[in-house]
Amino acid sequence: MQQRLETALNEQIQAEFQSAYIYLAMSAWCAERNLPGMAHWMRMQWQEETMHATKLFDFLLSRGASAQLLPLTEPRRTYESAIDLFEQVRHHEQYITNRINDLYDLAIEERDRPLQIVLQWFISEQVEEEAQVAEIVERLRLVGTDGPSIYLLDRELAQRAAPTATEA
Ligand code: FEO
């Protein structure tokens with residue numbers, strides 16, 4: 001594998017683990033505010049991101065490249081509201097989408113077809129992730145600060161299933 005691809009993949013693994021770290025911190029924020037359903041949703045998101053990172057990690061190793069496991073930074077711990085929190089998730093996922101797209105362009109430039117195939121899965125996954133979180137943001141905007149509606153939405157988000165190996 002080309003050195004610049006190896007470096008970029010290691011950086012993407014870091015970004016996926018950093019995402020997991022951010023969502024775990026968000027889960028704590030929700031739990032501390034008696035929003036168990038949102039805390040659960042974030043916990044599932046944490047699990048999914050860990051699986052994304054591991055998927056790229058395994059791919060890197062299968063290509064005989066070197067895994068670096070770059071450092072993570074402390075995630076933000078304060079949010080103004082549930083809507084602020086999910087807006088941040090949306091921005092973060094848009095950022096990850098841009099990163100995946102750039103990585104895909106690099107894989108094309110370097111003519112690395114196996115990496116292109118792996119990244120095609122991530123490209124579809126990002127479409128799904130962005131749509132999922134956009135829907136939650138829109139619903140939170142609709143309900144505003146109405147307590148009973150937030151309570152119901154929280155209960156619904158508690159139903160999110162754990163990611164399976166094929167989904168994550
Ligand atoms: Fe792994 Fe949510 O991007």
Side-chain angles (χ1 to χ4, degrees), residues 9 11-60 69-104 116-168:
L9 257 179
E11 287 168 358
Q12 188 58 31
I13 291 167
Q14 179 190 34
E16 299 289 347
F17 275 129
Q18 185 68 43
S19 304
Y21 217 32
I22 289 168
Y23 295 136
L24 191 59
M26 286 180 166
S27 174
W29 185 92
C30 296
E32 286 159 14
R33 279 150 193 86
N34 291 317
L35 294 164
M38 292 184 192
H40 168 81
W41 192 94
M42 291 295 175
R43 186 65 79 101
M44 294 300 101
Q45 193 70 9
W46 162 70
Q47 210 169 307
E48 202 166 288
E49 299 303 346
T50 304
M51 290 168 88
H52 291 171
T54 310
K55 196 179 184 108
L56 293 176
F57 178 82
D58 287 342
F59 175 76
L60 198 63
L69 292 179
L70 299 163
L72 304 181
T73 57
E74 184 180 349
R76 177 175 160 184
R77 286 166 58 183
T78 53
Y79 296 92
E80 284 170 23
S81 58
I83 189 157
D84 177 35
L85 183 85
F86 277 92
E87 286 277 19
Q88 295 309 316
V89 176
R90 176 146 79 167
H91 288 147
H92 186 71
E93 287 305 326
Q94 286 166 345
Y95 161 72
I96 293 292
T97 298
N98 288 336
R99 289 191 63 109
I100 294 284
N101 290 342
D102 288 348
L103 195 51
Y104 188 71
Q116 289 168 35
I117 291 168
V118 168
L119 290 174
Q120 279 163 11
W121 181 90
F122 278 88
I123 290 167
S124 305
E125 174 70 6
Q126 283 310 118
V127 171
E128 204 179 294
E129 289 217 7
E130 282 197 39
Q132 212 180 16
V133 76
E135 189 192 324
I136 298 171
V137 167
E138 289 316 311
R139 290 179 66 187
L140 278 166
R141 277 203 185 126
L142 271 177
V143 303
T145 55
D146 182 53
S149 302
I150 291 176
Y151 174 77
L152 286 175
L153 180 59
D154 188 70
R155 280 186 59 174
E156 195 182 314
L157 295 179
Q159 307 304 316
R160 180 174 177 182
T164 63
T166 49
E167 285 169 343

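Here the structure is a predicted model, which is why all the values come from computation and not from measurement. Only heavy atoms go into these numbers, but all of them, side chains included; no hydrogens, no water, no symmetry mates.
Taken to the nearest 0.5 Å, the CZ atom of Phe57 stands 8.0 Å off from the OG1 atom of Thr54. Atom-to-atom distance recorded for Ile83:CD1 and Gln88:CD is 11.0 Å, nearest 0.5 angstrom. Here the straight-line distance linking atom CD1 of Ile123 with atom CD of Gln116 works out to 9.5 Å at 0.5 Å rounding. Separating the CZ atom in Arg76 from the NE2 atom in His92 is a distance of 12.5 Å, to the nearest 0.5 Å. Atoms CG and CG, on Asn101 and Leu119 in that order, are 9.5 Å from each other to the nearest 0.5 Å. Summarising the geometry, atom CG belonging to Leu56 is positioned 5.5 Å from atom CD1 belonging to Ile13; distances are rounded to the nearest 0.5 Å.
The minimum heavy-atom distance linking Val133 with Arg90 is given by the pair CG1-CA, 3.8 Å. Residues Leu9 and Leu60 approach most closely at CD1-CD1, 3.5 Å, considering heavy atoms. The shortest heavy-atom contact between Ala20 and Thr50 is CB-OG1, 3.6 Å. When every heavy atom of Phe86 is checked against every heavy atom of Val137, the shortest pair comes out as O-CG2, 3.6 Å. The shortest non-hydrogen separation linking Gln47 to Ala162 is NE2-CB, 3.8 Å. When all heavy atoms of Gln126 and Ile100 are compared, the closest pair comes out as CG-CG1, 4.4 Å.
Taking the six-membered ring for Trp and the full ring otherwise, Trp46 and His40 have centroids separated by 6.0 Å or more.
Crowding of Glu138 atom CD: a count of heavy atoms from other residues, nucleotides or ligands under 6.0 Å exceeding 12.
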Item to check | From CA spacing to verdict: side chain to side chain contact (heavy atoms under 4.5 Å, CB included), Met51, Glu48 | outcome: CA-CA 5 Å; Met51 290 168 88; Glu48 202 166 288; 5.7 Å; no
Checklist entry - Yes or no on side chain to side chain contact (heavy atoms under 4.5 Å, CB included) for Glu80 and Leu85, after CA distance, side-chain angles and deciding distance? => result CA-CA 7 Å; Glu80 284 170 23; Leu85 183 85; over 6 Å; no
Item to check | Steps toward side chain to side chain contact (heavy atoms under 4.5 Å, CB included) verdict (Gln18, Thr73) | outcome: CA-CA 7 Å; Gln18 185 68 43; Thr73 57; 3.3 Å; yes
Next on the checklist: Run Glu128 and Gln132 through side-chain hydrogen bond (donor to acceptor under 3.5 Å, both in side chains) and show every step you take.
Outcome noted: CA-CA 6 Å; Glu128 204 179 294; Gln132 212 180 16; 5.8 Å; no
Next on the checklist: side chain to side chain contact (heavy atoms under 4.5 Å, CB included), that's the test. Do Ile136 and Glu87 meet it? Break it down for me.
Outcome noted: CA-CA 9 Å; Ile136 298 171; Glu87 286 277 19; over 6 Å; no
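Glu11 meets the salt bridge (Lys or Arg N to Asp or Glu O under 4.0 Å) test with no other residue; sequence neighbours excluded.
Just one of Phe17, Phe59, Phe122 meets the ring-ring contact (aromatic ring centres under 6.0 Å, His included) condition when paired with His52; it is Phe122.
In this structure, Arg139 and Glu156 have side chains that are in contact, with non-hydrogen atoms separated by less than 4.5 Å. Side-chain contact between Met38 and Arg33 is absent, with no heavy-atom pair separated by less than 4.5 Å. Within the 4.5 Å cutoff, no side-chain heavy atoms of Tyr95 are placed close to those of His91.
At a cut-off of 3.5 Å, with distance as the only test, no side-chain donor of Tyr21 or Glu49 sits close to an acceptor on the other residue.
At least one donor-acceptor pair closer than 3.5 Å links the side chain of Asp154 to the backbone N or O of Gly37.
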For residues 23-31, tabulate all N or O donor-acceptor pairs below 3.5 Å that involve a side-chain atom, not counting sequence neighbours.
from  : atom 1 : to    : atom 2 : distance (Å)
Tyr23 : OH     : Glu93 : OE2    : 2.6
Ser27 : OG     : Ala39 : O      : 3.0

